[in-house]
Trainee: 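Submitted below is the structure of interest, expressed as structure tokens.
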Amino acid sequence: MSRDHAQSAECPVGSAEAPFLELLARGASADAYEQPVLLARAEGRPADRIAELEQAKLVALRVRSELEGRRRREAELSALFETAHDLAGLRDLDAVLQAIVQRARSLLGTDVAYLSLNDPVRGDTYMRVTEGSVAARFQQLRLGMGEGLGGLVAQTARPYVTDDYFQDERFQHTRTIDAGVRDEGLVAILGVPLTLGHHVIGVLFAADRRARVFEREQIALLGSFAALAAAAIDTANLLTETRSALAGLERANEIIRDRSGVIERASDVHDRLAELVLRGGGVHDVAAAVAEVLDGRVEFTEADAAPADALEASRAEGHAVRHGDDWIAAVAAGGELLGALVLHGHPGLDPVDQRTLERAAMVTSLLLLARRSAAEAEQRVRGELLDDLLDARDRDPRLLRERATRLHADLDATHVVLAARLDGTTADAEQEAEARRRLWSAASHLAATRHGLAAARDGGTVLLLPLAPGDTATALARRTARHLGTAVHEAVTVGASGPVEDLAARPDTVAAAYEEGRRCLDALRLLGRTGDGAAAEDFGFLGLLLAGDRDIAGFVDRTIGQVVTYDERRGTDLLRTLDAYFACGMSPARTKDELHVHVNTVAQRLERVGRLLGGDWQSPARALEIQLALRLHRLSASPQH
């Protein structure tokens with residue numbers, strides 16, 4: 001026994017957490033967390049001691065999982081906050097705008113992203129930066145105010161999205177603009193305004209070459225990038241004004257030096273904020289860093305806890321506003337209020353310090369939005385992998401395993417496919433869609449915590465969950481129905497397949513198992529067992545009678561498939577023997593006369609059948625199913641007339 005294990009076993013009752021804290025500190029694998037419990041059992045420790053160790057193990061594993069999740073999210077968030085870092089140390093406006101467009105395209109997963117700026121002299125808007133564009137005419141487009149989707153955004157200062165540009169009549173189509181869009185092959189386009197205060201200075205776009213519906217969160221995310229782009233342009237303008245003033249009066253030169261010092265301090269603040277966020281800091285860490293720089297007390301509050309009038313004014317104006325002796329900066333993403341940064345007891349605030357508070361609020365909104373997007377992105381990735389297992393059966397098994405490993409799922413383990421559906425009815429389509437979204441969210445969370453997969457499908461949700469040793473598909477279905485029902489506060493019915501294996505090598509089994517789970521779901525609903533869970537093994541051939549789409553081949557294969565395969569591979573007569581055995585009233589003596597073989601031959605064949613079908617194959621229920629399967633097999637093998 002190692003010294004560490006000996007010390008763990010000798011710890012007093014109150015220190016059950018000690019061995020697991022040591023494992024956390026060492027970064028040990030998940031398997032190592034079983035050792036303290038196994039050691040205590042081997043040494044005959046009291047049951048209460050073992051129970052304490054079990055509880056401590058579960059807590060430690062949750063902490064370990066949370067730490068790993070945070071490390072993953074840090075990597076996913078880095079792209080967003082690199083943009084904030086670029087803005088904080090702005091030196092080249094074109095480079096910053098190019099980085100913003102590149103990252104917007106990457107995070108939204110679109111084919112093309114581009115940015116246009118308004119030309120106040122000519123009264124139109126022109127392309128400034130493009131990413132993913134291949135058409136020269138498109139890259140040189142100029143849009144009059146109100147022309148095309150971009151011109152409409154620039155004119156109205158509101159986001160616009162179309163899932164099919166050429167079929168959308170909400171904006172003015174022109175031959176020049178349509179030709180450029182057609183050259184680029186764009187179909188779905190999202191545009192959000194770049195605003196400074198109340199003024200629109202340009203438009204940021206994300207576009208796909210196929211029909212696509214942009215979600216509200218994606219619109220808000222692109223709006224945040226647009227705010228960054230506007231801030232970059234604003235900062236560049238400030239620097240330009242400063243450089244111009246340096247060529248003026250000597251007094252202006254002194255003022256600019258002071259202002260440059262403040263700007264450098266603001267730049268340092270932004271660098272610190274970006275570094276803090278990239279290290280995994282939270283919104284309260286951002287508030288603490290800004291408080292140190294501004295020499296005041298700064299706190300993040302929820303939207304409903306901040307002064308409503310001041311918060312709304314800050315959101316509408318895009319600036320921090322004074323409220324008594326405090327300053328309020330709205331934390332917003334697109335049109336959604338996420339909270340506020342409040343600077344207390346600091347009535348006199350330098351304009352650049354005010355801008356620093358506003359930028360801190362922007363970074364905070366990006367942090368909140370990016371973390372939300374990261375969680376939703378992981379849910380989507382899990383759903384895409386399950387969709388590929390269900391639909392794309394020619395996928396490379398190695399790539400499927402690699403994708404599953406990145407999601408902490410093991411496709412080589414035994415799994416169960418579950419079909420889940422809400423049973424509440426509502427006449428309101430919007431309410432029904434929201435209920436389905438809640439079901440999908442709850443199922444995705446369950447799949448993530450159980451190292452499984454989940455996807456929305458056929459008006460419900462499909463889950464692929466690992467089956468623990470000693471567990472059954474029926475028990476798993478019932479637990480899942482209870483868990484999802486509690487999460488969405490509505491009855492959820494769950495039908496499960498039998499256990500399936502080798503999913504990466506045989507992805508077609510997932511689709512077959514899903515159909516089996518759906519049939520169980522239909523059977524439960526027909527039997528009035530809504531809100532319950534069951535598996536295929538619970539129904540037998542009754543599932544055939546109750547399901548709307550009867551899977552005859554599947555029932556025959558599940559019931560006598562092993563006997564059929566055995567006969568085909570070895571040229572034996574087990575099926576014929578079974579037919580004769582049942583036809584002769586399950587009498588071996590009469591069966592041997594029917595088959596014209598020795599009674600020992602009948603006994604040997606029936607013994608082989610028992611090994612293939614299980615010891616209970618002659619019980620009344622199993623015998624009935626086997627006889628039905630034999631009859632269906634004969635009918636399916638009969639020549640067609």
Side-chain angles (χ1 to χ4, degrees), residues 412-417 467-475 496-503 505-506 508-509 512-513 515-516 519-520 523 534-547 550-641:
D412 293 322
T414 300
H415 285 75
V416 172
V417 179
L467 187 66
D471 200 1
T472 65
T474 299
S497 71
V500 290
E501 300 177 341
D502 299 326
L503 303 184
R506 299 166 52 216
D508 55 311
T509 60
E515 292 304 320
E516 187 175 71
R519 287 193 297 274
C520 290
E537 61 195 26
D538 297 322
F539 294 104
F541 74 89
L542 288 176
L544 288 176
L545 303 177
L546 294 171
R550 296 177 174 83
D551 181 13
I552 303 297
F555 171 72
V556 171
D557 183 65
R558 289 192 300 273
T559 307
I560 61 171
Q562 290 182 302
V563 177
V564 174
T565 302
Y566 190 89
D567 273 355
E568 290 173 349
R569 291 180 177 176
R570 299 173 181 263
T572 53
D573 270 338
L574 298 185
L575 280 177
R576 183 163 166 260
T577 302
L578 270 177
D579 266 330
Y581 181 64
F582 286 119
C584 294
M586 301 175 71
S587 167
R590 289 200 296 272
T591 303
K592 62 99 174 174
D593 294 334
E594 175 71 19
L595 297 176
H596 306 293
V597 298
H598 196 275
V599 70
N600 289 342
T601 301
V602 174
Q604 291 170 0
R605 291 179 182 178
L606 295 179
E607 182 182 358
R608 172 62 62 184
V609 168
R611 287 200 293 270
L612 293 173
L613 300 184
D616 65 339
W617 72 276
Q618 298 189 71
S619 66
R622 287 292 307 282
L624 180 60
E625 290 189 1
I626 292 169
Q627 290 178 74
L628 177 60
L630 287 168
R631 181 68 178 272
L632 292 171
H633 180 70
R634 285 199 306 274
L635 291 173
S636 65
S638 298
Q640 299 298 315
H641 297 287

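A quick note: this is a predicted structure, and the numbers were derived from the prediction, not measured.
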Trainee: If we only count heavy atoms from C-beta on, is the Trp617 to Leu578 side-chain gap below 4.5 Å?
Mentor: yes
Trainee: List in chain and number order the residues that pass side-chain contact (heavy atoms from CB on, under 4.5 Å) with Ala413, two or more places apart in sequence or in another chain; answer none if no residue qualifies.
Mentor: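 For Ala413 the side-chain contact (heavy atoms from CB on, under 4.5 Å) partners, ignoring immediate neighbours, are Asp410, His415.
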Trainee: Which distance, rounded to the nearest 0.5 Å, do you find between the CZ of Arg608 and the OG1 of Thr572?
Mentor: 9.0 Å
Trainee: Ala473 and Ser497: which non-hydrogen atoms are nearest, and at how many Å?
Mentor: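 Looks like CB-O, 3.4 Å.
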Trainee: Identify, with sequence neighbours excluded, every residue that meets side-chain contact (heavy atoms from CB on, under 4.5 Å) alongside Thr565.
Mentor: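 Thr565 satisfies side-chain contact (heavy atoms from CB on, under 4.5 Å) with Arg569 once adjacent residues are dropped.
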Trainee: Not counting sequence neighbours, which residues clear salt bridge (Lys or Arg N to Asp or Glu O under 4.0 Å) with Asp573? List them please.
Mentor: Arg576
Trainee: Report the residues that fulfil side chain to side chain donor-acceptor pair (under 3.5 Å) with Gln618, sequence neighbours left out, ordered by chain and then residue number.
Mentor: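 For Gln618, the residues satisfying side chain to side chain donor-acceptor pair (under 3.5 Å) (neighbours in sequence not counted) are Tyr581.
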Trainee: Which atom pair, heavy atoms only, marks the closest approach of Val500 to Ala513?
Mentor: CG1-CB, 3.8 Å
Trainee: Could you pull out all residues at least two apart from Thr474 that satisfy side-chain contact (heavy atoms from CB on, under 4.5 Å)?
Mentor: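 side-chain contact (heavy atoms from CB on, under 4.5 Å) check on Thr474 returns Thr472, Arg478, Ala535, Glu537, Asp538.
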Trainee: Determine the minimum heavy-atom distance between Ala496 and Val416, stating which atoms define it.
Mentor: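 The pair with the smallest heavy-atom distance is CB-CG1, 3.7 Å.
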Trainee: Checking Thr559 now: which residues fulfil side chain to side chain donor-acceptor pair (under 3.5 Å) with it, not counting sequence neighbours?
Mentor: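 With sequence neighbours excluded, Thr559 shows a side chain to side chain donor-acceptor pair (under 3.5 Å) to no residue whatsoever.
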Trainee: Kindly write out the residues that satisfy side chain to side chain donor-acceptor pair (under 3.5 Å) with Glu607, not counting sequence neighbours, or none if the list is empty.
Mentor: Arg611
Trainee: Rounded at 0.5 Å granularity, tell me how far CG in Leu574 sits from CG in Leu613.
Mentor: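 It comes to 9.0 Å.
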Trainee: Quick check for you: to the nearest 0.5 Å, what is the distance between Leu575 atom CG and Leu630 atom CG?
Mentor: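 Reported value, rounded in 0.5 Å steps: 6.5 Å.
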Trainee: Can you run down the side chain to side chain donor-acceptor pair (under 3.5 Å) pairs that involve residues 589-602, sequence neighbours left out, and say none if there aren't any?
Mentor: none
Trainee: In chain order, what residues pass the salt bridge (Lys or Arg N to Asp or Glu O under 4.0 Å) check against Asp502, with sequence neighbours excluded?
Mentor: none
Trainee: Check Ala580 against Leu595 and note the closest heavy-atom contact, atom names and distance.
Mentor: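 Reported closest heavy-atom pair: CB-CD2, 3.8 Å.
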Trainee: With a 4.5 Å limit on heavy-atom distance, are the side chains of Thr577 and Val609 in contact?
Mentor: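 No, too far: nothing below the 4.5 Å cut-off.
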Trainee: Look up atom OG1 in Thr414 and atom CG in Leu503, then write down how far apart they are to the nearest 0.5 Å.
Mentor: 8.5 Å
Trainee: Quick one: list whatever passes side-chain contact (heavy atoms from CB on, under 4.5 Å) with Ala623, sequence neighbours left out.
Mentor: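 Ala623: side-chain contact (heavy atoms from CB on, under 4.5 Å) contacts with Phe582, Gln627.
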Trainee: Under the rule for salt bridge (Lys or Arg N to Asp or Glu O under 4.0 Å), what residues qualify as partners of Asp616, not counting sequence neighbours?
Mentor: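 By the salt bridge (Lys or Arg N to Asp or Glu O under 4.0 Å) rule, Asp616 matches Arg622.
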